[in-house]
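The shown structure was predicted, so the numbers you read here are calculated from the model rather than taken from an experiment. Sequential numbering from 1 along the given sequence is applied to the chain's residues. Whatever order the structure lists ligands and atoms in, that order sets their numbers, starting from 1.
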Amino acid sequence: MTPQEILSLVKQRNPNEPEFLQAAEEVIVSVWPVLERNPEFVRLRLLERMLEPERLISFRVNWLDDQGNVQINRGYRVQMNSAIGPYKGGLRFHPTVTPSVLKFLAFEQVLKNALTGIPMGGGKGGSDFDPKGKSDDEVMKFCQAFMGELARHIGHRLDVPAGDIGVGGREIGYLFGAYKKIKNEFTGVLTGKGIGWGGSLIRTEATGYGLIYFAEYMLQEKKDSIKGKTCLVSGSGNVAQHAIEKVIQLGGKAVTASDSTGFIHDEAGFTQEKLDFLKDLKNKRRGRIKEYADKYKCEFHALAINHEENPLWNIPADCAFPCATQNEINEKDARNLLKNGLKLLGEGANMPTTIEAINVLIDNGVLYSPGKASNAGGVATSGLEMTQNYMGSNWTSDEVDSRLHGIMKNIHDTCLAAAKEYGKPGNYLIGANIAGFLKVAKAMQAQGVV
Ligand code: NDP
Ligand code: 2IT
């Protein structure tokens, strides 16, 4: 067997699933040296088994909009791998949600969760429902209809969903209320819950904060720090907001944010007051990013449809933190970043950088961290929320934040150690894929062919 043979098998079995094949290819190539050293892993077909969801649930979601019209959406849950713990991973509500997107996310989640050191398997779910422009009542009715089916497939020891794109505190509240009503029990079946009804302090902040902690550890390796660095951030949702917040707190300068309509470039940099405006705009008023540019008199660039390069990534900066969605940085963007002197790219989103773009960055010595390592603080803190729920107690924010620091440092060091062991020192991509894969593979090996 060669990596190409496995990849062509996976292609045959999953035609028309470009996102899933992209995530699969990256991992197949990275973990190949592990298979060469472990013929037993090859005989047991562990990598191929990991690329096959344990279960993929697809269901119809019907609900009534405010005008009384019947709406039809598709709901999914991909239960990818439960070798090291209950399925765990977010729910995405976005019109671009397909089985391919959810399978790529679920596959990455398996390896990411393994890296956290917390016993969690991997899953992902969601719907093609678009929360944009919907009233609160419509979002509630949709969440209730969605949970009406999902409730049969999840549970606090079985599968614990959380948020992702389009699913934040409001949606988790409605989903949790619906689950509790259907099952007549109060358990930690979802994470990202509100403080006061089972949620953990710092969960909301954890992905963005963890991303910047991870970047700081990468820079420390080079006797450097984020202080004084100009940072590009994309997105303006949960991950982007808290990445910007931590950059500000550590003395860096975040100069951009974006949404699906375009991006703002604020040369003076975000302050906490400006960020509070953005949070209110995006989380409460659910408005467009241009309002920020109007208020603070900075540049707004509307994003062209089918753009070949995104001008956001052509702004001179030391660090880049893509925090919106998959494939937002292509090879051209990577070359622009490089030309302008980029030192570090930390992925906050899942798979925001294409394989070609990653190769450009790594080959030219940019410090690059894959999302499955640098955005793992979110799911890790979900794991801490589960632990608090099982124990029936709540930790302080200092307690959770210090654990988050420890987890990000541990992931960082684990990636470096695995990369070194396999002859690719400093390569966080290969290190993350190998370390995550090894943990899951050993558990599957021990548990037999099931
Ligand atoms: P949110 O829904 O809070 O924010 C998403 C942001 O990205 C919004 O600004 C949105 O713009 C923009 N965006 C989404 N899709 C597109 C698109 N197709 N084109 C352009 N812009 C887009 O999501 P999160 O911040 O939670 O998630 C962002 C990324 O981080 C995702 O890749 C997610 O998988 C990943 N992630 C999230 C974690 C979490 O804990 N929430 C944990 C780990 C990773 P608009 O407002 O116009 O929709
Ligand atoms: O991609 C991710 O890691 C998330 N969306 C968070 C998942 C979780 O279960 O907290």
Donor-acceptor under 3.5 Å (Asp65 side chain, Asn69 main chain):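 Present.
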Is the backbone N or O of Gly173 less than 3.5 Å from a side-chain atom of Lys193, with the two atoms forming a donor-acceptor pair by type?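 Side chain of Lys193 to backbone of Gly173, a donor-acceptor pair under 3.5 Å: no, none is there.
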Got more than 12 heavy atoms from elsewhere within 6.0 Å of CD, Glu308?
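Open: at most 12 neighbouring heavy atoms sit under 6.0 Å from CD of Glu308.
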If every non-hydrogen atom of [X] is compared with every non-hydrogen atom of [Y], which pair is closest and at what distance?
X	Y	value
Asp130	Lys134	O-NZ, 2.8 Å
Asn81	Ala83	OD1-N, 2.8 Å
Ile411	Leu115	CG1-O, 3.4 Å
Ile329	Ala357	O-CB, 3.6 Å

Considering only protein heavy atoms, which is closest to [atom], and at what distance to one decimal place?
atom	result
atom 33 (C) of ligand 1	Asp164 OD1, 3.2 Å
atom 4 (O) of ligand 1	Gly237 CA, 3.3 Å
atom 29 (C) of ligand 1	Ala324 O, 3.2 Å
atom 20 (C) of ligand 1	Ser260 CA, 3.7 Å
atom 39 (C) of ligand 1	Thr207 OG1, 3.4 Å
atom 15 (N) of ligand 1	His94 NE2, 3.7 Å

| request: Could you tell me which residues satisfy salt bridge (charged side-chain N to carboxylate O under 4.0 Å, His left out) with Glu138, sequence neighbours excluded, listed by chain and number? | output: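 Testing Glu138 for salt bridge (charged side-chain N to carboxylate O under 4.0 Å, His left out), a comparison that skips the adjacent residues, returns none.
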Q.
Under the rule for salt bridge (charged side-chain N to carboxylate O under 4.0 Å, His left out), what residues qualify as partners of Glu331, not counting sequence neighbours?
A.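 Residues passing salt bridge (charged side-chain N to carboxylate O under 4.0 Å, His left out) with Glu331: Arg335.
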[options]: member with heavy atom nearest to [atom]:
atom	options	answer
atom 18 (N) of ligand 1	Thr325, Thr204, Asn350, Leu303	Thr325
atom 41 (N) of ligand 1	Asn283, Ile289, Asn238	Asn238
atom 44 (C) of ligand 1	Ile165, Asn375, Leu211	Asn375

Between [X] and [Y], do the side chains contain an N or O donor and an N or O acceptor separated by less than 3.5 Å?
X	Y	answer
Asn330	Trp313	no
His405	Tyr209	no
Lys141	Gln144	no
Ser135	Asp137	no
Glu273	Tyr296	yes
Asn433	Glu26	yes

[X] heavy atoms, cut-off 4.0 Å: which ligand 1 atoms fall inside?
X	result
Arg92	31 (C), 32 (O), 33 (C), 34 (O)
Ala349	29 (C), 30 (O), 32 (O), 35 (C)
Arg288	47 (O)
Ser236	9 (O)

| If you measure from each heavy atom of Ser258 to ligand 1, is any distance below 4.0 Å? |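 The answer is yes: ligand 1 sits under 4.0 Å from a heavy atom of Ser258.
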- Any non-hydrogen atom of Lys282 lying under 4.0 Å from ligand 1?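 True for this residue.
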> For atom 10 (C) of ligand 1, is the nearest protein heavy atom under 4.0 Å away?
Replying inline: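 Neighbour list for atom 10 (C) of ligand 1 is empty of protein heavy atoms (cut-off 4.0 Å).
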Hey, is ligand 1 close enough to [X] that some N/O pair sits below 3.5 Å?
X	result
Lys124	no
Lys112	no
Gly166	yes
Gln326	no
Thr261	no
Lys132	yes
Val239	yes

> Can you tell which part of Arg203 has a heavy atom less than 4.0 Å from ligand 1: side chain, backbone, both or neither?
Replying inline: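 Just the side chain.
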Under 4.0 Å, heavy-atom basis, I'd like to know which part of Cys323 is in contact with ligand 1: side chain, backbone, both or neither.
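Just the backbone.
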How about Phe263 and Tyr292: are their ring centres within less than 6.0 Å of each other?
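Distance test on ring centres: not under 6.0 Å, no.
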Requested in this report: On the 0 to 90° scale, with breaks at 30° and 60°, tag the Phe176-Trp197 ring pair as parallel, tilted or perpendicular.
Outcome: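 Rings of Phe176 and Trp197: tilted, as their planes differ by 30° to 60°.
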*asked:* According to salt bridge (Lys or Arg N to Asp or Glu O under 4.0 Å), does anything in residues 146-160 pair up with another residue at least two apart or in another chain? List the pairs.
replied: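 Passing the test, one end in residues 146-160: Arg77-Asp159, Glu149-Arg152.
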Point to revise | Residues lining ligand 2 [heavy-atom distance under 4.0 Å, listed by chain and residue number] | key: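 Only Lys88, Gly89, Gly90, Gln109, Lys112, Lys124, Ala162, Gly163, Asp164, Arg203, Asn350, Gly378, Val379, Ser382 have heavy atoms that fall under 4.0 Å of ligand 2, ordered by chain and number.
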